[in-house]
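Just so we're on the same page: letters track the sequence lines, and every chain starts at 1.
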Protein chains: 2
Amino acid sequence: MTVSKTAEKSSEKPAETAKGRKDAADGPGEALQLGELSEQLGYVLKRAQLKVFENFLRCMASLQLTPAQFSVLLLVEKNPGRNQTEIASTLGILRPNFVAMLDNLESRDLCARIRSTNDRRSHILVLTDKGKAVLARAKKLVATKHEARLNEVLGPSNRAALLGMLSKIANEF
Amino acid sequence: MTVSKTAEKSSEKPAETAKGRKDAADGPGEALQLGELSEQLGYVLKRAQLKVFENFLRCMASLQLTPAQFSVLLLVEKNPGRNQTEIASTLGILRPNFVAMLDNLESRDLCARIRSTNDRRSHILVLTDKGKAVLARAKKLVATKHEARLNEVLGPSNRAALLGMLSKIANEF
DNA sequence: GATAATTGTTATGGACCATATCAAATATCG
DNA sequence: CGATATTTGATATGGTCCATAACAATTATC
């Protein structure tokens with residue numbers, strides 16, 4: 001340890017630079033300097049992701065759907081007749097963790113596991129009628145509330161550009 | 001439940017549309033259709049964030065720094081003399097969860113808690129000499145390996161545009 | 001000087017993620 | 001065919017991250 005414990009004046013350097021905040025007698029709080037942090041793409045990316053998910057949850061409050069659940073319903077709808085392993089793996093969900101997720105969706109009668117006759121090990125996933133209806137409503141909520149808010153902040157063309165760059169990162173990285 | 005259990009032919013609709021995959025006799029796996037999922041900004045955003053963090057961890061393997069730890073070191077460096085509550089809250093970390101993080105960094109002699117003489121409740125955070133040295137090396141690794149890879153994939157101008165849009169989302173959402 | 005608020009801390013529970021393991025069913029191959 | 005390996009869904013378990021309540025020490029407030 002090279003730091004003198006119980007130092008406060010820490011005269012060392014006037015590193016407090018501009019606007020030099022005085023040691024004691026702070027104002028109402030004095031916001032911290034983000035510094036290079038606001039240039040770290042990973043940091044901003046994470047922050048943005050949290051905000052987007054948070055907004056998604058608010059928009060979906062009436063349907064009680066998380067982003068992960070919504071993605072499962074979307075994928076099952078577009079790929080009927082697939083089993084748990086296939087759906088889970090393309091979503092990056094590990095099979096063991098997918099079980100509880102499906103238990104939840106199935107208990108709410110949004111999707112169903114059907115024992116395949118071709119391969120009696122696997123469970124074919126299908127949306128129930130209620131699941132299809134809920135998903136349809138979810139899509140509308142996403143479009144009219146969630147994505148609409150994003151368009152407000154970014155503008156449609158920027159939104160498309162953003163999606164393109166994120167896809168590049170997600171795929172070619 | 002409106003779904004007939006133990007159905008497989010599921011003739012219902014030939015929803016398998018194009019390229020109609022036959023019921024049994026699958027090829028090597030037949031990739032699933034992402035469908036609207038690839039248009040969901042939240043989904044792609046999360047995917048990209050995971051990839052970026054994963055790459056960050058690889059680049060930092062020699063220094064054993066996580067993104068969160070790196071952000072703490074950066075923030076403490078730019079804001080010396082702040083206490084735990086201030087550092088934690090501007091990073092979106094809850095005070096209770098920040099304790100273990102600091103225990104870790106302090107046990108590795110990267111930063112130190114100093115009891116303030118102004119307010120003997122609070123702990124002033126400072127980087128140790130080793131902490132400054134490690135952070136300097138970390139910055140170089142981030143620049144030469146991590147951000148360099150991002151520039152390869154996106155190009156410098158796109159990277160700047162991406163950062164700008166993500167900041168907008170992170171702040172004005 | 002009594003009461004309220006703040007700081008760091010502990011304890012605790014939930015959500016998410018990862019690994020090992022298992023029984024049932026299927027595939028593989030001698 | 002039959003022994004062995006593989007696959008599928010499932011359970012158990014542990015780790016990490018995130019959130020809340022509560023506490024002692026200290027400080028602020030009135």
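Here B:R149 pairs with B:E152 in a salt bridge; the nearest charged N to carboxylate O distance falls below 4.0 Å.
Within the 4.0 Å cut-off from OP1 or OP2 of D:dT8, not a single side-chain nitrogen or oxygen of A:R82 is found. An OP1 or OP2 oxygen of C:dG8 is reached within less than 4.0 angstrom by a side-chain nitrogen or oxygen of B:T85. For the OP1/OP2 pair of D:dA21 and a distance below 4.0 Å, the side-chain nitrogens and oxygens of B:R95 include no atom meeting the criterion.
Among residues two or more places apart in sequence or in another chain, the side chain to side chain donor-acceptor pair (under 3.5 Å) test is passed with B:K139 by A:E36, B:E77. Partners of B:N97 under the side chain to side chain donor-acceptor pair (under 3.5 Å) rule, at least two apart in sequence or in another chain, do not exist in this structure.
Applying the side chain to side chain donor-acceptor pair (under 3.5 Å) test to pairs two or more places apart or on separate chains, those with a residue in residues 159-173 of chain B are B:E147-B:R159. Screening residues 120-173 of chain B for ring pair (Phe, Tyr, Trp, His ring centres under 6.0 Å), with sequence neighbours left out, gives B:F56-B:H146.
One interatomic measurement links the two molecules: NE2 of B:H123 to P of C:dT6, which rounds to 18 Å at whole-angstrom precision. In this structure, CZ of A:F98 is placed 11 Å from C1' of D:dG9, rounded to the nearest angstrom. C:dT10 atom P lies 10 Å from atom CD of B:Q84, rounded to whole Å. Computed from coordinates, the B:D103 CG to C:dT9 P distance equals 7 Å when rounded to whole Å. What separates CG of A:N104 from P of D:dA10 is a distance of 14 Å, to the nearest Å. The CD1-C1' distance, from B:I124 to C:dT6, rounds to 14 Å in whole Å. To the nearest angstrom, C1' of D:dC17 lies 13 Å from CD of A:Q49. The interatomic distance linking A:Q69 (CD) with C:dA15 (P) rounds to 11 Å, in whole Å.
Hydrophobic clustering (ILVMFWY, side-chain heavy atoms < 4.5 Å, transitive): B:L34 and A:I87 are in one cluster. Transitive grouping of hydrophobic side chains (ILVMFWY, heavy atoms separated by less than 4.5 Å) keeps A:L110 and A:L57 in distinct clusters.
Listed nucleotides: C:dT9, C:dG8, D:dT8. Nearest to the side chain of B:N83: C:dG8.
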Check the interface with nucleotides 16-20 of chain C: list each N/O to N/O pair with the protein under 3.5 Å, or write none.
| unit_1 | atom_1 | unit_2 | atom_2 | d |
| --- | --- | --- | --- | --- |
| C:dA18 | N7 | A:N97 | OD1 | 3.3 |
| C:dA18 | N7 | A:N97 | ND2 | 3.0 |
| C:dA18 | N6 | A:N97 | OD1 | 3.2 |

Between the protein and nucleotides 27-29 of chain D, which nitrogen or oxygen pairs are less than 3.5 angstrom apart?
| unit_1 | atom_1 | unit_2 | atom_2 | d |
| --- | --- | --- | --- | --- |
| D:dT27 | OP1 | B:R120 | N | 2.9 |

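Side chain to side chain, B:Q84 and B:R95 fail the donor-acceptor criterion of an N or O pair below 3.5 Å.
Note: A:L65 CG to A:F70 CZ = 8.0 Å, rounded to the nearest 0.5 Å.
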